[in-house]
Each structure stands twice: as structure tokens, then as C-alpha cells.
Amino acid sequence: MDTDTWVSGYKARSFPWVDGKTIYFNVQCYLPGQSLSQPPVWDKTVYITDNAAGRNMVANFAHSLTEYIANLEIPAGRKIILTVERSPKI
């Protein structure tokens with residue numbers, strides 16, 4: 001589940017968080033041609049509840065998750081925890 005890759009033009013990183021209950025998911029935006037040794041234009045972090053659905057989201061829907069986080073407005077100092085639930089089978 002540890003990832004550190006480019007997704008949809010953003011630098012995305014995820015790994016199990018130290019609390020053992022969540023997955024750290026970070027998205028960073030760099031300008032085209034910007035050196036990676038410079039700080040990103042913006043940096044957003046969310047925590048995903050570490051359950052089967054959350055792990056599936058990180059592993060199989062990283063593009064959608066990255067785009068969602070990129071478009072989130074996260075107030076300074078706010079911790080966002082996303083909990084993914086599977087819908088019941090019909």
C-alpha cells in the first residue's frame with residue numbers, strides 16, 4: 001500500500017499511518033517544469049480509514065481519489081478523515 005508516484009499530474013504518496021487506524025494520503029501540485037527540489041505550489045493531506053474498502057480505494061481508485069483531494073478545500077490546521085463504505089449487495 002506504500003505508494004509514491006505521479007497520478008494525473010500530481011505527486012501522490014500513501015502509506016499506513018502510525019496510529020494503525022488510517023492511511024496517510026498526500027497530494028502535491030508542482031508547476032510544469034518546476035524543480036522537485038522546490039516546495040510544491042500546494043500540498044493536501046487526508047487520512048483514509050484503514051479498512052478493506054479504504055485499502056481498495058487507495059489501491060484501485062488512486063486517480064479518482066487524487067482528483068477528489070486536489071479539488072478539496074481543506075482549511076489550515078484541519079484533519080480530514082475519509083471513510084469508505086461498500087454499498088450492500090442487492
Side-chain angles (χ1 to χ4, degrees):
M1 177 172 352
D2 290 1
T3 60
D4 189 6
T5 189
W6 290 93
V7 178
S8 190
Y10 301 105
K11 185 76 168 145
R13 184 167 186 222
S14 68
F15 54 86
W17 192 236
V18 295
D19 65 4
K21 299 176 187 174
T22 55
I23 301 164
Y24 172 92
F25 199 97
N26 176 262
V27 177
Q28 297 177 332
C29 177
Y30 290 88
L31 295 175
Q34 179 182 352
S35 171
L36 296 179
S37 64
Q38 299 296 317
V41 175
W42 55 255
D43 182 327
K44 298 180 182 183
T45 299
V46 300
Y47 300 85
I48 301 162
T49 302
D50 191 356
N51 58 20
R55 289 188 295 276
N56 181 54
M57 171 72 82
V58 171
N60 298 309
F61 298 96
H63 179 273
S64 298
L65 181 59
T66 299
E67 287 290 337
Y68 177 73
I69 294 167
N71 289 294
L72 271 179
E73 301 235 357
I74 302 175
R78 195 67 160 300
K79 182 176 181 178
I80 304 295
I81 300 175
L82 302 176
T83 301
V84 182
E85 296 180 6
R86 294 182 189 250
S87 34
K89 292 182 181 181
I90 299 176

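Predicted, not measured: the structure shown is a model, and the values here were computed from it. Hydrogens, waters and symmetry mates play no part in the numbers below; they use all other heavy atoms, side chains included.
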Tell me the salt bridge (Lys or Arg N to Asp or Glu O under 4.0 Å) pairs involving residues 23-38, sequence neighbours left out? none

State which residues pass side chain to side chain donor-acceptor pair (under 3.5 Å) with N56; sequence neighbours excluded, sorted by chain then number. N60

Partner residues of S35 under the side chain to side chain contact (heavy atoms under 4.5 Å, CB included) criterion, sequence neighbours left out: S37, Q38

Could you work out, with side chain to side chain contact (heavy atoms under 4.5 Å, CB included) as the rule, every residue matching A53, not counting sequence neighbours? N51, V84, R86

Provide the full list of salt bridge (Lys or Arg N to Asp or Glu O under 4.0 Å) pairs with a residue in residues 4-25, sequence neighbours left out, each pair given once. D4-K11

Qualifying salt bridge (Lys or Arg N to Asp or Glu O under 4.0 Å) pairs, either residue in residues 28-37, two or more places apart: none

Can you pull the side chain to side chain donor-acceptor pair (under 3.5 Å) pairs that have at least one residue in residues 69-83, sequence neighbours excluded? T49-T83

Please list, chain by chain and in numerical order, all residues satisfying side chain to side chain donor-acceptor pair (under 3.5 Å) with Y24, sequence neighbours excluded. none

If you draw a 6.0 Å radius around CZ in F15, do more than 12 non-hydrogen atoms from other residues or ligands fall strictly inside? yes

Which residues pass the side chain to side chain donor-acceptor pair (under 3.5 Å) test with T45, not counting sequence neighbours? N26

Taking only residues two or more places apart in sequence or in another chain, which ones pass side chain to side chain contact (heavy atoms under 4.5 Å, CB included) with V41? L31, Q34

Between V18 and I81, is there shared hydrophobic-cluster membership here, with clusters defined by ILVMFWY side-chain heavy atoms closer than 4.5 Å? yes

Are I80 and V27 connected, step by step, through hydrophobic side chains (Ile, Leu, Val, Met, Phe, Trp, Tyr) whose heavy atoms are closer than 4.5 Å? yes

Shared hydrophobic cluster for Y10 and Y30 (ILVMFWY, side-chain gaps under 4.5 Å): no

With sequence neighbours excluded, give me every salt bridge (Lys or Arg N to Asp or Glu O under 4.0 Å) pair touching residues 28-51. D50-R55

Please list, chain by chain and in numerical order, all residues satisfying side chain to side chain contact (heavy atoms under 4.5 Å, CB included) with A12, sequence neighbours excluded. V7, F25, T66

Is there a path of hydrophobic side-chain contacts, each under 4.5 Å between heavy atoms, that joins V58 and W17? no

